[in-house]
Amino acid sequence: MSTELSAAGQALYPTLLSPLQAGTHRLRNRVIMGSMHTRLELLDRAIERQAAFYAERAKAGVALIVTGGYAPNAEGRIDEDAPVLDSAEHAHTLRPIPQAVHAHGGKILLQVLHAGRYAKVPQPVGASEIPSRINPRAPRQLSEAEIGATIEDIARCSALALEAGFDGVEIMGSEGYLLNQFAVTRTNDRDDAWGGSVENRQRLAVETVRRVRQRLGPEGLIMYRLSAIDLVEGGAPPDEIVQLARAIEAAGADIINTGIGWHEARIPTIAYVVPRAAFRFAAARVQRAVQIPVVASNRINTPELAEAIVGSGDAAMVSMARPFLADPEFVRKATEGRADQINTCIACNQACLDYIFSDRATSCLVNPKAGRELDFQEMPRPASVRTVAVVGAGAAGMACAIAAAERGHRVTLFEAADTLGGQLNWARAVPGKEEFHELMRWFRRQLEVQGVTVKLSTRPDVAQLRAFDRVVVATGVRPRVPAIPGIDHAKVIRYPELLSGRRSAGAKVAVIGAGGIGYDVAEYLLHQGAETAEQFQAEWGVDPSDQSAGGLKPEAPVTPRREVTVLQRKPEKPGRTLGMTTGWALKARLARQKVRFLTGCEYLRIDDAGLHLRIGGEPQLLAVDHVVICAGQDSERGLHEALQTAGIDAALIGGAERADELDALRAIDQGTRLAWTF
Ligand code: NAP
Ligand code: SF4
């Protein structure tokens, strides 16, 4: 694509879209696609897939891309599947990746990551023998000779990256990995030249940058990822962070990227509960201390916000990682003044981090094509234009309608309600899940852009649908109504009534059902609206001042707005279905609000006194004002059955197909993939 700015983009994002000199490299704008573990390297045609993945982002205007981490030696691998770059042969195989990015005017760095005591390898190594709570394997202390060898390994890995055609390297010095571990007393109790004084603790980071610069010469771009706030006890105080940034600059780095929080931190740093740009202050502190460009990161997902950060001088660049899974064309759309068409990352982690942690290659909830570029590129074009009817405008139906229209078909989307969205409307009502508004904005805009005919408040009958070449039924679900005596009592509220604002709850509330929606309803009952960055910092004990080690302070005391009890029938621990990398933060928030969880419940009846139940044979009464029902859903399949009876072949997708796996991730993926078969 042309990297020339359109007048629209220039007016809206003058700093973000302006070029920047970093070392000997001129970057076409201030946007970095940050490093992500993708696990694409473990799929078939791995190099081709990675080249296609990065090329698509470069083609749409990203200035600088950073790959996932490559270990400089075997003991530094993040796990036993992680790639090591330690030979010219391996470097040679990587060549198509930078070539693909360069073909579109982008630049790309290979990230060199030594995981240190986080490495899930037979014998991890570290600054000291201090274990981590997130790795059952205790580290072995590196000897001084081994430290020297590790620096050489990182320098060799960096030189190999240049040989492979990368523009340089990002040296991973944050998130609690090896270089970060050496820098702080929490994990470094050495008494030799690599421990004790701050200079000694920072020596590994500084010597590494110096040695890499020697090996790469002035041509190699070096970006150092510095931990701008550790968020762990015994982490670096702000003055040490600033001191390290200056030393890294003096040692020859061209850019300082910022990392936020160690992996073992108990504070969320990228999940949806984190307000946008909540850690901007940490990058700004570093930028004030050095002359080279500093990069702000974490929960930056719109061009407006990115422009505000670089325009204010808080940072010279912004790094976004997940937003480029959600929309590879982020930069192009901003440049062309089409930000309203950007598919925004909603920070759910469901198809990126949660996939990675369950050994799957990354993708994206809002963009199922992410990481699957080759598969979609290679699908045959439709032989003819078809008329397509999609019934139901929830996540599955809207995704299917948009993808079918994108493929050139004439699509009509029917919705019985007077508004689009289905279950997504309940998700976006939940405090902390405001990003779902962006998803709805994207759906609405894409339906317009792709020319889908939308018919709200319409229930098409079999005769109407017979006229279409293809019929898709995405009629969704009905909330399940459990057969509890008194279920029609005035105290009972169904979750859609609550989340739509049609009804409100009193001071004492029981929630029947501890699935994702039961947890969301508890959030809704206890928190009000979106949090500001300041409220988030107070709630989680993040100190933005220059005072405390690790950037921590005591959490603000909490007085819950309501007394909430969440119940389930199963005896097992609740919350097992929550997101792998976001569920813990949700649980911590509810624990702070003193939410009570009761398991093994048998519901007896609901009456004026409240909810009567039995637990372990013992009768109990919860004297509550309201009982909110979040007992799952049943599929809405009436139309599909009628179509089948009439002999009309209709596809069934989303919650209408499987209510027990109701999930926006599955719905969007299924709807999109189905449309690609038309
Ligand atoms: P769910 O996860 O299936 O949970 C339903 C809850 O209702 C369970 O706690 C279940 O536990 C209870 N239940 C089921 N049948 C019942 C009955 N007849 N009487 C009383 N209780 C009954 O469903 P959901 O909470 O509605 O969520 C729907 C989907 O959206 C799920 O796939 C969920 O993962 C997803 N979601 C996820 C999140 C998140 O991760 N934060 C948020 C919202 C939604 P017992 O059977 O033990 O009582
Ligand atoms: Fe963002 Fe969710 Fe997509 Fe991950 S899966 S990139 S968090 S929208």
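Whatever order the structure lists them in is the order used to number ligands and atoms, beginning at 1.
The residue from Gln350, Glu523, Arg569 that puts a heavy atom closest to atom 46 (O) of ligand 1 is Arg569. With Gly516, Gly515, Gly655 as candidates, the residue nearest to atom 38 (C) of ligand 1 on a non-hydrogen basis is Gly516. In this comparison of Gly575, Pro482, Cys630, the heavy atom closest to atom 6 (C) of ligand 1 sits on Cys630.
Checking only distances, Tyr603 never comes within under 3.5 Å of ligand 1, N or O to N or O. Close N/O approach between Gln633 and ligand 1 is found [any backbone or side-chain N/O within under 3.5 Å].
At least one N, O or S atom of Cys364 sits under 2.8 Å from atom 3 (Fe) of ligand 2. When distances to atom 4 (Fe) of ligand 2 are checked against a cut-off of 2.8 Å, Cys352 contributes an N, O or S atom below that limit.
Here the protein heavy atom with the shortest distance to atom 30 (O) of ligand 1 is Leu662 O, 3.2 Å. In terms of protein heavy-atom proximity, atom 1 (Fe) of ligand 2 is closest to Cys345 SG, 2.4 Å.
By the 4.0 Å heavy-atom criterion, Asp663 is excluded from the residues contacting ligand 1. Residue contacts with ligand 1 include Lys433, since one or more of its heavy atoms lies under 4.0 Å from the ligand.
Taking a cut-off of under 4.0 Å to the non-hydrogen atoms of Lys570, the atoms of ligand 1 that pass are 10 (C), 11 (O), 45 (P), 46 (O), 47 (O). Each of the atoms 40 (O) of ligand 1 lies under 4.0 Å from some heavy atom of Gly579. Near Ile517, with a cut-off below 4.0 Å to any heavy atom, the atoms of ligand 1 are 24 (P), 25 (O), 26 (O), 27 (O), 43 (C), 44 (C). For ligand 1, the atoms lying closer than 4.0 Å to a non-hydrogen atom of Gly632 are 5 (C), 7 (O), 23 (O), 26 (O).
Relative to the six-membered ring of Tyr355, Arg360 meets both conditions, a distance below 6.0 Å and an angle of at most 45° to the axis. A cation-pi arrangement is absent between Lys587 and Tyr519 under the rule of less than 6.0 angstrom and at most 45 degrees off the ring axis. Trp584 does not carry Arg589 over the face of its six-membered ring by the limits of under 6.0 Å from the centre and within 45° of the normal.
Counting heavy atoms closer than 4.0 Å to ligand 2, residue Ala347 contributes backbone atoms (N, CA, C, O) but none from C-beta onward.
Defined by atom type and a distance below 3.5 Å, a donor-acceptor pair is present between the side-chain atoms of Tyr177 and His263.
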